[in-house]
Amino acid sequence: MGQSAARKTRRGTDILSIRNWAELAPERGRPFIKMQGLENHFVIVDGRETAYFPNPDETAHICNPQTGVGADQLLIVQPPTGQGADAGAYAFMRIINIDGKDAEACGNATRCFAWLMLEETGQDEIILETVVGPLRCQRVGHKIVGVEMGRITTEWDSIPLARPTDTLHLAVGNGPLSDGIALNIGNPHVVYFVDDLNTVDMTSLAPEIQTDPIFPNQVNVGVAQVVRDDLIRSTVYERPGLLTRACGSGACVAVRAAQLRGLTDRNRVTVEMSAGSVDIEILSDNSAVLTGPVEFCFSGTLPGPERKTV
């Protein structure tokens, strides 16, 4: 990516006036926008007119804050597929982890991506296509986005697990993390409940669980503390090995897991994480609606060939 990882061309919320991504970087290179949702950072690249398929080394370089822009994931805007277009999707959201592998779902990423598409269209509601299906997203307030995250399942082969087992009392743990609940909301999670979240050292306990052979695709390891029936504290050690300050999909499954354990009978619960809070609603079909804030950080250019202008 050259000597400079990114040339920052705009700051603040000037993005509100932009409808053409080419305006971000008129001279050379590939435009990007950096956003964050509860300090979960994303580099977003438009791959609709000019396809973009970064290799794992390029993705790692972009996401590394020491050598690139710095992000937890790289997001690529792609045209909807035939199936997605039939469902009314405006764009396809590709999510790439820092190791170059595609991720199935991310709540914070979806909110940021959706906000950008809502700003681009000027609409208040939009459908995004993802590898796990269409997600309906709505503008709820100023830089507040709600996302219908899909149905949460505890079926062992949908998580997936390597063998049939009781997903409501998973016999996989480490130290104080025991008796977990395995769930899937487009990506795999395991949730453990503790009395005091502050006493849990996630970086030492979670990796062994995350890479346990029972999880063929690894797993996001979450720990939750039920403060009240309408308030849960949560932290998640995400794939491929990252303790983030907020996890949207992890917040959704924490609420559903609390319901399954009888720790709350509420359908609307606030989930508090290190970087802030989100609101979770569990619907009658066990699908989740995630509502939370987004922020525009800056835009710039990933170094590349000179761009042609008309």
Side-chain angles (χ1 to χ4, degrees), residues 38 40 103-108 149-161 165-212 214-215 217-239 241-274 277-282 286-290 292:
L38 294 178
N40 209 182
E104 304 94 334
C106 176
N108 291 328
M149 293 288 291
R151 182 173 173 269
I152 302 173
T153 181
T154 56
E155 298 171 359
W156 74 271
D157 54 345
S158 296
I159 291 169
L161 301 181
T165 189
D166 183 357
T167 58
L168 300 185
H169 297 280
L170 195 66
V172 174
N174 189 11
L177 304 185
S178 61
D179 193 24
I181 298 180
L183 314 94
N184 185 291
I185 186 172
N187 56 355
H189 287 263
V190 60
V191 178
Y192 298 93
F193 288 99
V194 297
D195 294 330
D196 186 355
L197 200 63
N198 295 328
T199 64
V200 179
D201 183 358
M202 289 291 284
T203 56
S204 65
L205 295 172
E208 181 176 320
I209 299 172
Q210 185 172 76
T211 57
D212 190 282
I214 198 171
F215 303 109
N217 299 329
Q218 296 193 351
V219 72
N220 298 295
V221 182
V223 178
Q225 173 189 349
V226 178
V227 180
R228 301 189 306 267
D229 62 354
D230 63 346
L231 177 62
I232 293 174
R233 296 181 61 214
S234 172
T235 187
V236 180
Y237 191 85
E238 296 187 42
R239 298 179 302 173
L242 183 68
L243 182 62
T244 58
R245 290 174 51 79
C247 176
S249 60
C252 294
V253 297
V255 175
R256 180 58 184 148
Q259 290 179 334
L260 292 168
R261 282 286 167 86
L263 300 174
T264 182
D265 58 3
R266 298 287 190 102
N267 290 327
R268 293 177 180 266
V269 176
T270 297
V271 178
E272 182 182 277
M273 297 166 284
S274 296
S277 300
V278 293
D279 294 321
I280 306 298
E281 180 182 8
I282 304 297
N286 296 330
S287 63
V289 180
L290 163 70

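Note: hydrogens, waters and symmetry copies are ignored here, and every other heavy atom, side chains too, is used. Predicted, not measured: the structure shown is a model, and the values here were computed from it.
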Looking only at heavy atoms, which two atoms of [X] and [Y] are closest? And how far apart?
X      : Y      : result
Cys106 : Asn40  : SG-OD1, 4.2 Å
Ala251 : Val278 : CB-CG2, 3.7 Å
Met149 : Gly107 : CE-CA, 3.6 Å
Thr153 : Ser158 : CG2-CB, 3.8 Å
Leu177 : Tyr192 : C-CD2, 3.6 Å
Asn187 : Ser249 : ND2-OG, 3.3 Å

Verdict with reasoning, Val226 to Leu231, per side chain to side chain contact (heavy atoms under 4.5 Å, CB included): CA-CA 6 Å; Val226 178; Leu231 177 62; over 6 Å; no

Worked verdict on Ile152 versus Asn184 for side chain to side chain contact (heavy atoms under 4.5 Å, CB included): CA-CA 6 Å; Ile152 302 173; Asn184 185 291; over 6 Å; no

Exam field: side chain Gln210 to backbone Val219, donor-acceptor pair closer than 3.5 Å: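 Yes.
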
Distance-only side-chain donor-acceptor flag, Asn198 / Arg233, under 3.5 Å: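 There is such a pair between these side chains.
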
Verdict with reasoning, Asn267 to Gln259, per side chain to side chain contact (heavy atoms under 4.5 Å, CB included): CA-CA 8 Å; Asn267 290 327; Gln259 290 179 334; 3.5 Å; yes

To the nearest 0.5 Å, tell me how far [X] [atom1] sits from [Y] [atom2].
X      : Y      : atom1 : atom2 : value
Leu260 : Thr167 : CG    : OG1   : 8.5 Å
Leu290 : Glu281 : CG    : CD    : 11.5 Å
Asp212 : Asn174 : CG    : CG    : 10.0 Å
Ile282 : Arg256 : CD1   : CZ    : 7.0 Å
Tyr237 : Leu243 : OH    : CG    : 7.5 Å
Ile280 : Ser234 : CD1   : OG    : 9.5 Å

Within a strict 4.5 Å, meaning less than it, do heavy atoms of the [X] and [Y] side chains meet?
X      : Y      : result
Ile232 : Met273 : no
Val191 : Val223 : no
Cys247 : His189 : yes
Val190 : Asn220 : no
Thr235 : Leu197 : yes

Heavy atoms of other groups near Asp196 CG, more than 12 under 6.0 Å: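 Above 12, so yes.
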
Charged N-O contact under 4.0 Å between Arg268 and Asp229: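 Judged by the 4.0 Å cut-off on N to carboxylate O distance, Arg268 and Asp229 do not form a salt bridge.
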
salt_bridge(Arg239, Glu104) N-O dist < 4.0 Å: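 Looking at Arg239 and Glu104, the cut-off is met.
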
Steps toward side-chain hydrogen bond (donor to acceptor under 3.5 Å, both in side chains) verdict (Glu238, Thr244): CA-CA 7 Å; Glu238 296 187 42; Thr244 58; 2.6 Å; yes

Result of checking Asn286, Leu183, Asp166 against Thr154 for side-chain contact (heavy atoms from CB on, under 4.5 Å):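 So the option named by the test is Leu183.
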
Derivation of the side-chain hydrogen bond (donor to acceptor under 3.5 Å, both in side chains) call for Thr203 and Asp201: CA-CA 6 Å; Thr203 56; Asp201 183 358; 2.9 Å; yes

Candidate pair Gln225 and Phe193, rule side chain to side chain contact (heavy atoms under 4.5 Å, CB included), full reasoning: CA-CA 6 Å; Gln225 173 189 349; Phe193 288 99; over 6 Å; no

